[in-house]
Amino acid sequence: MIHLDEAGRKNLLEDLLKRSPNQYSEYESVVAEILKNVKEKKDEAVFDYTEKFDHASVDASTIMVTEREIEEAYALVEPSLVEVIQKALVNIRSYHEKQKKYSWFDSTRQGTILGQKLTPLSRVGVYVPGGKAAYPSSVLMNVIPAKVAGVEEIFMTTPCNKDGKVVPATLVAAKEAGVDRIYKVGGAQAIAALAYGTESIPKVDKIVGPGNIYVALAKKAVYGHVSIDSIAGPSEILVLADDTANPRYVAADLLSQAEHDELASAILVTTSEALATQVSEEVDAFVKELSRKDIITKSLDQYGYILLADTMEEAIDIANEIASEHLEIMTEDAFMVMTKIKHAGAIFIGEYSSEPLGDYFAGPNHILPTNGTAKFFSPLGVDDFVKKSSIISYSREALEPIHNDIITFAEAEQLTAHANSIRVRFGK
């Protein structure tokens, strides 16, 4: 618990930035070696790394999940969970369908046609983690916007266990969402396979999905060769609260993100010292009960903060500086506070809009910008799976009145071939 001042603010922001994947350069050489081997040896390297890291033996005949394995997964997953996945899918699809944009064209009587043509990406690779926890919800969040956008082929990679089995709930979510192929490979080697292609795994145009530090650095390294969604850092939540907030709700919500991993960040910014004390006590009580208390404790010890602000304006300022992945507002005038938030991945308003609502069910995407990148990045959405082409068409009658203007511009830049390309259309 700290009072906000300039020194404290500076130290806090520097501390949080230590969590960025860009700070872990010591892993880059390991990732580079994996990428190089997969690019050169293709399947052979993928199979070797799967044996080394996941202790699973796969080959060209077993690396792709079969329909029979998917059927087995349905038999292993509780029907109630399948039903919840289907309900969540409807909400997520409905939300993302509202994001869809279309090609447009604008013509004039003078004979000009200008426009923008939208084309879905042809092939997308979705990475789904399978380490400390399995995330079927991430399958839905990555795949459904791509399906809404009209992507032709969606391939998924996810680690398998030593018996070559993938988490059943992950397979069910993939089937429900409409994934075309699922490959049993994880880590940086999966990113390399999707980026470069192997005998068994085709090259894709874009890679999306969260992962560990090796996955994040691998995505960073292949960017440009393929597109990526973002370089995701550890999860984070910031709760903005005043003395009207329920301390038990605030504490529970902070811990909902602290349990992700040891680098997760949970921050309360409040104008109420009484609330701060109560939340701290509630956190201590909850931690004793929760199953992932070791992870939570490490997360809170390193990146858990209660920040005391003198005014709500000061609290809003620090919230905008941190630009949290998840921002909850529990104040008397929550919607008014929301209008002053400039930087946040997702904003949850009111005491019944807790962060897991967005993670699983409400509909907005839970793939969000982290580590302050909400200042210039947005949540994953339909726009991430389309590309845009400009359309330009002029008749002779439309070009003639302006052709000398274009020639003048080109010659000012000493690009005489540009000028000539226009001039020849109106010369003798």
Side-chain angles (χ1 to χ4, degrees), residues 16-38 45-46 48-56 58 125-139 141-142 156-162 166-167 169-170 173-174 182-195 201 206-223 226 228-237 257-266 292 294-296 298-299 302-303 325-326 345 359 366-371 373 377 380:
L16 291 175
L17 285 175
K18 292 176 186 174
R19 304 157 56 253
S20 168
N22 294 320
Q23 301 298 317
Y24 290 83
S25 56
E26 67 267 29
Y27 297 104
E28 287 180 347
S29 59
V30 176
V31 170
E33 182 68 17
I34 293 172
L35 296 178
K36 178 175 177 290
N37 282 341
V38 173
V46 170
D48 287 347
Y49 284 124
T50 303
E51 178 82 47
K52 179 179 179 181
F53 297 129
D54 299 318
H55 312 294
V58 297
V126 175
Y127 184 87
V128 177
K132 292 178 179 176
Y135 300 109
S137 59
S138 281
V139 177
M141 294 295 182
N142 280 287
M156 190 177 98
T157 63
T158 189
C160 60
N161 64 18
K162 59 184 177 60
V166 174
V167 175
T170 297
I182 306 167
Y183 296 99
K184 304 172 186 177
V185 55
Q189 60 271 25
I191 302 302
L194 291 170
I201 303 175
K206 185 165 188 170
I207 301 171
V208 300
N212 62 19
I213 188 63
Y214 296 99
V215 170
L217 291 175
K219 286 172 69 178
K220 179 182 176 183
V222 300
Y223 176 63
V226 292
I228 64 171
D229 50 349
S230 63
I231 303 167
S235 189
E236 54 201 30
I237 185 171
Q257 293 307 291
E259 75 171 343
H260 269 295
D261 67 47
E262 293 88 346
L263 295 177
S265 168
R292 293 165 69 86
D294 289 342
I295 292 173
I296 292 172
K298 289 178 182 175
S299 166
Q302 295 180 97
Y303 300 108
E325 177 188 18
H326 307 98
D359 266 357
H366 79 198
I367 311 293
L368 302 167
T370 59
N371 281 109
T373 60
F377 280 142
L380 189 72

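For this chain, numbers begin at 1 and follow the sequence in order.
- Partners of Tyr183 according to the side-chain hydrogen bond (donor to acceptor under 3.5 Å, both in side chains) rule, which considers only residues two or more places apart in sequence or in another chain, are Arg181.
- For the side-chain hydrogen bond (donor to acceptor under 3.5 Å, both in side chains) test, residues two or more places apart in sequence or in another chain that qualify with Tyr49 are Asn37.
- Considering only residues two or more places apart in sequence or on other chains, Glu51 meets the side chain to side chain contact (heavy atoms under 4.5 Å, CB included) condition with Ser57.
- The closest side-chain heavy-atom distance from Leu380 to Met141 is not below 4.5 Å.
- Every residue was checked against the side-chain hydrogen bond (donor to acceptor under 3.5 Å, both in side chains) condition with Thr158, not counting sequence neighbours, and none meets it.
- Checked against side chain to side chain contact (heavy atoms under 4.5 Å, CB included), Lys36 has the following partners two or more places apart in sequence or in another chain: Glu40.
- Classification of the His260-Tyr135 ring pair by plane angle, with boundaries at 30° and 60°, yields tilted.
- Taking the side-chain hydrogen bond (donor to acceptor under 3.5 Å, both in side chains) definition, one finds that Gln189 meets it with nothing, sequence neighbours left out.
- The backbone N or O of Gly209 sits less than 3.5 Å from a side-chain atom of Lys219, completing a donor-acceptor pair.
- In this view, Ala190 and Tyr127, Thr157, Val185 satisfy the side chain to side chain contact (heavy atoms under 4.5 Å, CB included) rule, not counting sequence neighbours.
- When the side chain to side chain contact (heavy atoms under 4.5 Å, CB included) test is applied to Thr373, the partners found at least two apart in sequence or on another chain are Pro369, Phe376, Phe377.
- Side chain of Glu325 to main chain of Glu236: a donor-acceptor pair is present (N/O by atom type, distance under 3.5 Å, no hydrogens or angles).
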